[in-house]
Amino acid sequence: MKRYDLIVVGAGPSGLSAAIEAAKCGMEVIVFDENKKPGGQLFKQIHKFFGSKEHKAKIRGFRIGQDLLREADSLGVHVQLDATVMGMYMDKEITVRIGDGIQHYKGDSIIIATGASENMVTFPGWTLPGVIGAGAAQTMMNLHGIKPGNRVLMLGTGNVGLVVSYQLLQAGCQVAALVDAAPRIGGYGVHASKVSRCGVPFYLSHTIVKAEGNDCVTGVTIAQVDEQFKFIPGTEKHFDVDTICIAVGLSPMSQLLKMAGCKMEDNPRKGGQVPLCDKYGETSLKGVFVAGDVSGIEEASSAMIEGRISGIAAACSLGYITGSRLEEKYQEHHKALNGLRQGMFAPENRGKILKKTEEGIDISESLLQKGYLTADEIEKYPGVTHQKGIHPVMECSQNIPCNPCQDACPKKCIKIGENITSLPAIDEKAQCVGCGMCVAACSGQAIFLVDEDIGDGFASVTLPYEFLPLPQKGDMGTALDRSGRPCCQAEVLNIKSLPAFDHTNLLTIKVPAEMAMNARFFKQI
Amino acid sequence: MSDCADVIIAGGGIIGCACAYYLAKRGCSVIVLESSDHIGNGGSSRNGGGVRQSGRDPRELPLAMYGIKNLWPSLSDELEVDCEYHQDGNLRLGKTEEHINILRGLTTRAKACGLEVEMIDAEAVQSINPYLSKEVAGASWCPTDGHANPLTTTLGYYKTARKLGVRFITGEPVTELRKIRGKVRRVVTSNGNIYEGETIIVAAGLFSRPILNSIGIDIPMQKVMLEALVTEARAHMFDQMLGTAEADFYGHQTKHGSFVFGGTLGLEGFTRDNGTPVTNSLAASSTCRGIIKYFPMLADAKIVRTWAGWMDLCADKVPVISPVDEAPGLIAACGFSGHGFGIAPAVGYNLAQLVTEGRTDVNLHDLRYNRFCAKA
Amino acid sequence: MYTINDRSRDIGEFIPAEDDDMLICRCEEITKGEIRRAVHDGMFTLTEIRRYLRTGMGLCQGQTCSRLVKGIVAKELGISPAELEPATARVPMRPIEMNILAAEETEAI
Amino acid sequence: MSSRIENHPILGKPETGRKVSFTYDGKKYYGFEGEPIAAALKASGVMVHRYTQKEHRPRGIFCAIGRCTDCVMVVNGKPNIRTCVTPLEEGMTVETQYGVSSIMQKRKAE
């Protein structure tokens with residue numbers, strides 16, 4: 001039996017962050033993870049993160065994972081992979097399966113950072129091969145390089161459903177539709193818009209009637225539901241798909257805590273069964289802490305901060321840092337955490353229907369129901385202006401904690417201000433040089449560079465493009481509007497790929513001038 | 001709803017549920033008070049499912065034989081659940097000379113009580129169960145023993161008793177018994193509720209001791225933790241109940257295909273109590289080593305679950321199933337010492353007889369409560 | 001910590017529903033109808049449902065179905081799912097071969 | 001059509017182990033060493049991993065991270081192997097699982 005100052009269970013964003021902070025305080029730390037690769041879900045998250053610069057915004061999830069791992073490594077944290085924690089016992093003892101044996105470890109403190117598991121819904125045929133969790137789709141395509149299917153229907157329009165739909169498109173799959181029983185899209189509008197402009201339809205207030213097929217999925221029927229979530233006869237729609245992806249939320253994976261005897265509560269706001277814990281994440285068992293989704297479902301960005309808090313709290317509990325130092329660091333992290341928990345998608349706003357943005361602008365119903373802003377609505381947002389020459393058009397319409405665009409512009413054209421959830425606004429005094437840094441920096445891919453008049457009745461639109469194959473200069477194609485409908489012919493003027501853009505290519509297309517504010521995607525012929 | 005009934009039973013385990021069922025069948029009104037949130041939450045749901053006669057103390061053997069003869073064969077039909085009762089014999093295995101000697105002793109004593117049990121050699125063992133290690137040198141063999149599913153049996157008694165009108169209340173721990181004019185009638189719970197009955201049966205496992213203490217009766221019982229585990233489902237292999245001379249494991253293959261095995265670590269009487277029975281970090285590994293010694297081919301079978309339970313180990317390892325003379329109206333049924341499941345139907349049936357007829361088919365004299373008291 | 005629960009309280013009759021044959025526990029192949037019937041047989045807690053029907057007792061140990069079962073039982077009892085205590089989690093967290101569980105002698109890292 | 005992603009706009013060309021052969025229900029298949037068995041099967045278009053014990057219904061990949069145990073198959077003679085987390089090795093024998101073994105039962109539905 002080996003004893004450590006700190007045992008961390010789970011090498012995801014919160015677990016690694018906890019280990020890093022604890023090791024910085026001088027603790028001897030071991031991290032166990034059942035997977036062959038560390039990073040938890042980070043390694044499947046190939047999109048750029050939201051948030052502020054301090055919280056790894058605009059960095060892709062898997063790179064954050066790599067960064068955390070390097071940092072943990074350099075601090076001497078022992079990350080033991082392919083190591084499944086089998087049980088947690090009295091005296092903070094755990095048993096771990098490593099290779100073909102069982103090892104026993106004790107920790108003077110333990111941080112449980114086991115994350116979440118996917119929720120499921122049932123419908124006739126839900127056990128057929130081809131019905132998979134959205135996490136499974138992500139794992140297959142982003143870790144194993146396998147397409148989950150050729151044609152996919154996504155159930156669920158929370159951020160997971162939206163992000164995975166986009167990733168499916170990136171992997172070369174077709175997405176037949178996004179379906180949600182709720183009347184409104186649950187995730188960020190910008191994520192929905194990315195999918196929508198690629199031509200994927202949204203069906204809100206719809207759900208799956210049945211999955212079809214004998215030995216595997218060959219199709220799916222959906223239908224509209226009423227306010228009691230009962231099917232409305234005659235509204236059935238059929239899709240030929242080989243895969244149905246389910247993204248209907250996550251539940252904390254708290255079994256280890258329960259088995260060890262932690263006091264638990266069922267908290268729907270936190271996604272289910274979670275341990276009761278104090279502000280540092282310490283549970284009813286002294287020296288046993290939690291961090292990340294296991295203590296309540298949130299984003300990876302907040303999981304990392306929670307991890308840091310529990311890491312320093314564990315260090316303090318064993319005398320590695322003083323109580324006042326803990327409090328000082330806690331305040332700093334707490335402030336950051338609070339920042340991330342602001343805006344329309346803040347935990348306290350869950351389930352609420354908001355009508356206006358913080359700026360008092362009406363929230364787009366089209367965005368919430370169809371996944372895109374209409375051409376009329378777009379003009380209301382402070383990021384959208386009409387200027388001579390090239391200038392950014394920021395189609396950012398929801399208050400979410402995110403501000404990389406502000407720092408991205410070398411010319412200070414973009415203002416968000418003190419409040420990280422404010423909508424970005426244009427500083428009309430500053431002069432855009434068309435560098436495109438903002439386009440590549442926007443995690444929501446909501447910024448476009450527009451020159452409404454490049455002569456001869458044409459305009460240019462520069463859009464973020466993360467698909468293969470890359471169009472070539474001179475290629476002709478079709479410009480799609482926000483809803484994914486073809487709006488005009490377009491010619492590729494330029495394609496710019498810089499290391500600083502991190503695989504977000506800047507595609508500039510030439511469209512008729514009247515389409516400057518409509519053309520938002522390019523389809524190759 | 002009235003808090004009065006003919007019989008109040010403290011304890012919603014298989015003993016309490018079986019008593020309730022047979023009493024209700026005889027027309028009694030019954031209230032069952034269970035301290036935990038679940039019916040059958042103690043040993044009733046945590047035991048290895050043995051329905052054995054062999055290996056039992058002669059004092060409780062008649063109950064075991066009675067149940068196997070009269071109650072178990074028709075229990076699934078009666079309770080309308082699948083109790084998964086199998087009467088395919090019990091093999092108690094030995095590998096060494098020393099083991100065989102232990103088994104011979106057990107066999108001789110059981111035979112003396114009229115039980116059909118014999119010693120068999122290695123070849124006979126293999127013919128009964130060809131999956132066993134060739135190292136098995138011999139076994140005791142009781143062909144009328146068997147096993148059943150403790151979960152469905154316990155909950156089957158509950159379900160059927162409830163259907164017959166028995167009132168079950170969970171989360172209602174009995175803390176005190178009270179005499180009214182010389183007769184035990186009242187039952188007080190920690191929630192402050194009072195129930196009243198003509199007869200009070202205390203079948204609350206370990207908790208029976210403090211309950212009985214409240215009326216000045218003490219039955220010497222010890223809290224001992226036992227552990228068990230279950231494997232993934234495998235193709236059907238055998239139907240016997242198994243045990244070993246060393247008692248390093250016992251168990252059977254269930255109808256589901258999984259193997260339920262219990263084992264001992266040697267620390268059972270000394271495990272720490274943190275309020276709920278939690279498994280010891282060493283126990284499952286130790287049990288697996290025991291199993292593999294006898295079933296090498298199960299070495300790659302996967303364990304899916306392990307669990308622990310407290311047993312109410314009576315000072316002389318047999319239960320108290322007895323009216324309490326000095327407290328008229330009170331019946332104690334506790335101290336089953338880890339082997340109560342197999343005899344539970346017989347206990348329930350005979351106690352129902354005792355309550356309604358004042359007599360029992362099986363002579364319970366050797367299981368009286370006052371065997372631990374000074375002679376009158 | 002225990003909650004008083006009268007098992008004779010009226011929860012209404014069992015009314016068959018169209019989706020009673022919907023599979024809920026994927027491992028043990030238990031249907032919604034079986035779960036609903038079990039509630040009417042008196043199984044008012046998730047632990048009892050599990051012991052009675054084997055929901056969540058298969059290879060995955062309830063990873064997928066426990067939330068679904070909870071919702072069905074709560075609805076049948078007319079209570080909020082949050083009021084139902086989940087069944088106890090048990091060692092091991094993942095299925096593990098006996099010979100591996102038995103192998104404790106290997107050198108610690 | 002193979003479902004392998006040849007080149008990914010963000011991740012580039014997937015890193016793979018060496019190409020190895022294995023058998024699936026007696027036939028020779030190829031995959032990359034170290035990738036999950038399930039990935040190799042999926043790349044070759046195999047959807048059904050097993051048929052259930054009671055209802056004999058088909059099952060395949062569901063969670064892909066070793067939790068749901070739906071994708072289990074008989075691997076090298078051992079039943080209930082989670083193919084989504086078990087790395088492919090040269091020469092593995094992978095078989096469809098029927099109930100708890102690789103012996104085909106009559107399907108109930110038919």
Side-chain angles (χ1 to χ4, degrees), chain A residues 1-4 7-9 30 32 34 80 82-110 112 114 117 127 253-266 272-273 275-277 282-288, chain B residues 35-38 41-42 45-46 171 223-233 249 258 261-293 296-310:
Chain A
M1 167 119 52
K2 180 128 186 4
R3 187 156 174 154
Y4 282 85
I7 294 171
V8 179
V9 184
I30 188 163
F32 295 108
E34 67 175 317
Q80 179 74 35
D82 219 346
T84 312
V85 174
M86 288 291 164
M88 186 159 144
Y89 303 86
M90 278 192 253
D91 301 326
K92 296 192 272 293
E93 178 183 351
I94 60 166
T95 51
V96 189
R97 179 201 173 147
I98 298 171
D100 286 339
I102 278 282
Q103 309 285 351
H104 294 245
Y105 293 90
K106 264 189 192 171
D108 284 303
S109 56
I110 293 189
I112 303 292
T114 41
S117 58
T127 59
M253 224 175 48
S254 53
Q255 291 96 328
L256 266 180
L257 295 155
K258 193 166 164 65
M259 104 180 27
C262 276
K263 288 201 175 73
M264 310 291 286
E265 63 163 344
D266 196 306
Q273 186 78 4
L276 290 168
C277 56
E282 188 165 14
T283 66
S284 63
L285 299 177
K286 201 172 175 311
V288 177
Chain B
S35 67
S36 84
D37 283 335
H38 320 288
N41 201 32
S45 294
R46 297 166 197 265
K223 197 171 186 176
V224 173
M225 200 172 81
L226 293 183
E227 296 202 27
L229 49 82
V230 62
T231 70
E232 63 189 340
F249 87 94
S258 51
F261 290 118
T264 51
L265 186 62
L267 299 172
E268 284 67 29
F270 308 94
T271 45
R272 223 176 335 156
D273 182 0
N274 78 339
T276 58
V278 290
T279 50
N280 183 295
S281 68
L282 300 168
S285 297
S286 159
T287 303
C288 287
R289 286 192 286 271
I291 297 162
I292 296 169
K293 274 197 278 178
M297 66 176 298
L298 284 182
D300 65 8
K302 290 181 263 316
I303 302 298
V304 299
R305 194 163 60 247
T306 64
W307 66 91
W310 298 114

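Remember, it's a predicted structure, so these values are computed and weren't measured experimentally.
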Student: With only heavy atoms counted, which part of A:Met259 is less than 4.5 Å from chain B, the side chain, the backbone, both or neither?
Tutor: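 Just its backbone gets close to chain B.
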Student: Between A:Val96 and A:Ala83, what is the shortest heavy-atom contact and its length?
Tutor: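 Looking at all heavy atoms of both residues, the closest pair is CG1-CB, 3.7 Å.
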Student: Step through the atoms of chain A and chain B and list each donor-acceptor pair whose separation is under 3.5 Å.
Tutor:
unit_1: A:Asp91; atom_1: OD1; unit_2: B:Arg272; atom_2: NH1; d: 3.2
unit_1: A:Asp91; atom_1: OD1; unit_2: B:Arg272; atom_2: NH2; d: 3.2
unit_1: A:Asp91; atom_1: OD2; unit_2: B:Arg272; atom_2: NH2; d: 2.5
unit_1: A:Glu93; atom_1: OE1; unit_2: B:Ser281; atom_2: OG; d: 3.3
unit_1: A:Glu93; atom_1: OE2; unit_2: B:Ser281; atom_2: OG; d: 2.6

Student: Apply the side-chain contact (heavy atoms from CB on, under 4.5 Å) test between B:Phe261 and each candidate in B:Leu298, B:Val230, B:Ile303; give the one that qualifies.
Tutor: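 Result: among B:Leu298, B:Val230, B:Ile303, B:Leu298 is the only option passing the side-chain contact (heavy atoms from CB on, under 4.5 Å) with B:Phe261.
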Student: Looking at A:Ile98, A:Val8, A:Asp82, which one forms a side-chain contact (heavy atoms from CB on, under 4.5 Å) with A:Phe32?
Tutor: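 For A:Phe32, the side-chain contact (heavy atoms from CB on, under 4.5 Å) test succeeds with only one of A:Ile98, A:Val8, A:Asp82, which is A:Ile98.
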Student: List the atom of A:Gly261, the atom of A:Leu285, and the distance in Å for their closest heavy-atom pair.
Tutor: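 Scanning both residues completely, I find the closest heavy atoms to be O-CD2, 4.2 Å.
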Student: With sequence neighbours left out, write down each residue that passes side chain to side chain contact (heavy atoms under 4.5 Å, CB included) with A:Ser117, or none if nothing qualifies.
Tutor: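 By the side chain to side chain contact (heavy atoms under 4.5 Å, CB included) rule, A:Ser117 matches A:Ser251, A:Met253, D:Arg67.
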Student: State the SG-CD distance between A:Cys277 and A:Glu282, to the nearest 0.5 angstrom.
Tutor: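 Nearest 0.5 Å value for the SG-CD distance: 9.5 Å.
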